[in-house]
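These figures come from a predicted structure and were not determined experimentally. Residue numbers start from 1 in every chain, and the chains themselves are labelled A, B, ... in the order their sequence lines are given, proteins ahead of strands.
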Number of protein chains: 2
Amino acid sequence: MAADGTRRTRAFEEVLLQVEHRIAGDGLKVGDRLPGERQLAEQLGVSRASVREAIRVLETLGVVSSQVGRGPDAGAVLTSRPDSALTDLLRLSLSLSSLSLREVIDTRLMIERWSAEHAAHTANANRAADVDGNAGTDGDTRHDALAAAAAAMEAMDAARDPEEFVRHDIAFHVAIAEASGNRLVAAVMRALRGAMRKYAIEAVERLGDTGVLREDHRRIHRAVLAGDAATAAEAVTVHLAHAYPELF
Amino acid sequence: MAADGTRRTRAFEEVLLQVEHRIAGDGLKVGDRLPGERQLAEQLGVSRASVREAIRVLETLGVVSSQVGRGPDAGAVLTSRPDSALTDLLRLSLSLSSLSLREVIDTRLMIERWSAEHAAHTANANRAADVDGNAGTDGDTRHDALAAAAAAMEAMDAARDPEEFVRHDIAFHVAIAEASGNRLVAAVMRALRGAMRKYAIEAVERLGDTGVLREDHRRIHRAVLAGDAATAAEAVTVHLAHAYPELF
DNA sequence: TACCGAGTATGGTCAGACCATACTCCAGGG
DNA sequence: CCCTGGAGTATGGTCTGACCATACTCGGTA
């Protein structure tokens with residue numbers, strides 16, 4: 001029986017290990033190319049099919065991107081797109097109902113309150129910096145994000161159906177997360193909203209009128225712009241309570 | 001030329017769509033089996049290799065698990081293990097350094113403060129319920145998690161090297177996150193800590209003495225047990241400042 | 001110089017084969 | 001009757017070899 005426990009590693013798993021070592025060891029960076037499938041297969045002594053399965057995994061994790069054809073950009077190129085992977089992960093986990101809506105909304109609350117607070121703080125810091133005349137790229141990021149949030153608010157006012165409304169609603173909330181300046185938090189937010197898109201549309205349909213939600217958005221946006229972290233966080237909490245009254 | 005934009009969908013992507021539709025539409029649940037690779041290939045009109053690539057993706061996303069052999073549990077079974085997928089995702093994203101340490105630690109701060117606060121609140125609610133004699137499964141989860149945290153603290157006292165210390169440190173912090181009762185937050189925490197394991201070991205080595213960190217853990221644990229959310233959150237912040245002084 | 005076609009490296013896909021595994025089932029012995 | 005062992009079989013795991021579509025590279029030609 002060989003109380004081994006560890007199932008014999010499959011060929012593609014070995015490929016994954018080797019490739020990850022190569023990334024960490026050789027200091028490969030985004031934009032660098034991996035060897036071709038045939039070459040990699042020969043180097044590692046496995047079939048091309050196994051190499052392909054490994055590459056598919058890496059593609060799923062958002063670290064490589066494959067292009068056909070020939071030239072400098074052909075083949076498997078290292079990238080860093082964790083967003084879609086995160087989104088897929090959460091969406092599938094939700095549809096397998098391994099998570100409750102309550103847990104997801106609580107997580108949103110955590111992220112959005114934090115984001116709004118930090119975006120507001122950054123607003124203050126930036127106002128101070130502006131006086132000195134040096135804004136910096138962080139300020140640019142935040143400024144762009146808040147502009148995007150404002151645009152999303154207008155788009156929501158003009159939205160003709162729940163699907164369109166939710167699309168801009170997602171844009172708004174992601175923009176607030178981006179305004180915090182933390183890309184990891186923003187990525188999680190984007191994934192979360194993308195994964196629960198369907199639920200959000202249903203929630204809006206149940207609600208009927210979106211006037212309350214739109215007014216909430218304005219309050220959040222105003223508070224962040226004003227650098228009032230406490231008010232921004234409170235506005236976020238109120239907003240989610242309006243969107244999902246059954247949980248509060 | 002055909003300003004199409006959308007690269008022709010690959011065969012395995014079509015398989016993914018079909019399988020996801022089947023999961024959502026047929027109401028498949030965790031534990032249910034997918035058709036065999038050969039059967040799926042025939043149904044969808046693609047080769048077995050393409051089906052395998054799709055299954056590999058699903059496996060990466062933690063929604064299926066494959067077993068060889070025969071019987072009720074053989075084949076591709078629906079599961080829900082988002083943890084390892086999340087961990088891999090973050091680890092690779094970090095090693096491609098698309099994220100700064102600052103962003104990661106800030107995210108940890110957000111999650112751990114929130115977890116500690118909620119674990120403390122749950123502690124209060126449970127104390128009230130205990131008086132009535134009905135604890136419930138939520139209380140069990142929390143109780144088990146806090147016991148695990150206590151065990152991890154003792155193990156850290158006995159740890160002989162940074163690697164061992166960090167292993168139990170991760171267990172402690174994950175346990176606190178689990179004590180919040182939110183599995184999504186706990187999963188993100190687990191992934192985050194797993195992904196930055198190497199960095200944590202280096203940080204401990206730089207620090208030398210772990211006495212301060214161990215004392216921090218005791219303060220966090222005490223505060224959560226006592227149901228003192230504010231103190232618990234503050235203790236978490238102090239703890240991370242001790243672990244990563246260069247960021248504060 | 002500008003254009004156009006052959007050459008070629010790359011991923012995408014398929015068909016078919018064989019192996020290892022682990023359950024199922026049944027015959028035979030206790 | 002129960003138990004045990006072996007044959008049967010469905011499943012994933014792996015490999016080989018082939019062909020296609022794509023998109024760049026390079027050389028020849030107008």
Review item, side-chain donor-acceptor pairs of residues 74-82 of chain B, under 3.5 Å, at least two apart:
{"unit_1": "B:T79", "atom_1": "OG1", "unit_2": "B:G62", "atom_2": "O", "d": "3.4"}
{"unit_1": "B:S80", "atom_1": "OG", "unit_2": "A:S98", "atom_2": "OG", "d": "2.9"}

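For the segment residues 26-36 of chain A, no residue has any heavy atom less than 4.0 angstrom from an atom of DNA chain D. For residues 43-51 of chain A, proximity to DNA chain D is found at A:G45, A:V46, A:S47, A:R48, A:S50, defined as any non-hydrogen atom under 4.0 angstrom from a strand atom.
Using a 4.0 Å heavy-atom criterion, one finds that A:A11 contacts the sugar-phosphate atoms exclusively.
Among residues two or more places apart in sequence or in another chain, the ring pair (Phe, Tyr, Trp, His ring centres under 6.0 Å) test is passed with B:F12 by none. Annotation: ring pair (Phe, Tyr, Trp, His ring centres under 6.0 Å) contacts of B:H173 (sequence neighbours excluded): B:H217, B:H239.
One atom, CZ of B:R10, and another, C1' of D:dT22, lie 14 Å apart when rounded to the nearest Å. Note: CD (B:E37) to P (C:dT21) measures 17 Å, nearest angstrom. Rounded to whole Å, atom C1' of C:dG12 lies 14 Å from atom CD of A:E53. One can place CG of B:D73 at 11 Å from C1' of C:dA22, the figure rounded to the nearest angstrom. D:dT11 atom P lies 7 Å from atom CD of B:Q39, rounded to whole Å. Straight-line distance from the CD atom of A:E14 to the P atom of D:dT14: 11 Å, rounded to whole Å.
Taking for each of A:A74 and A:R52 the nucleotide of DNA chain C with the nearest heavy atom, the 5'-most of the two is the partner of A:A74.
Between the base of C:dG11 and the side chain of A:R38 there is a donor-acceptor pair shorter than 3.5 Å.
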Which atom pairs link the protein and nucleotides 25-27 of chain D when you take only N or O atoms and keep those under 3.5 Å?
none

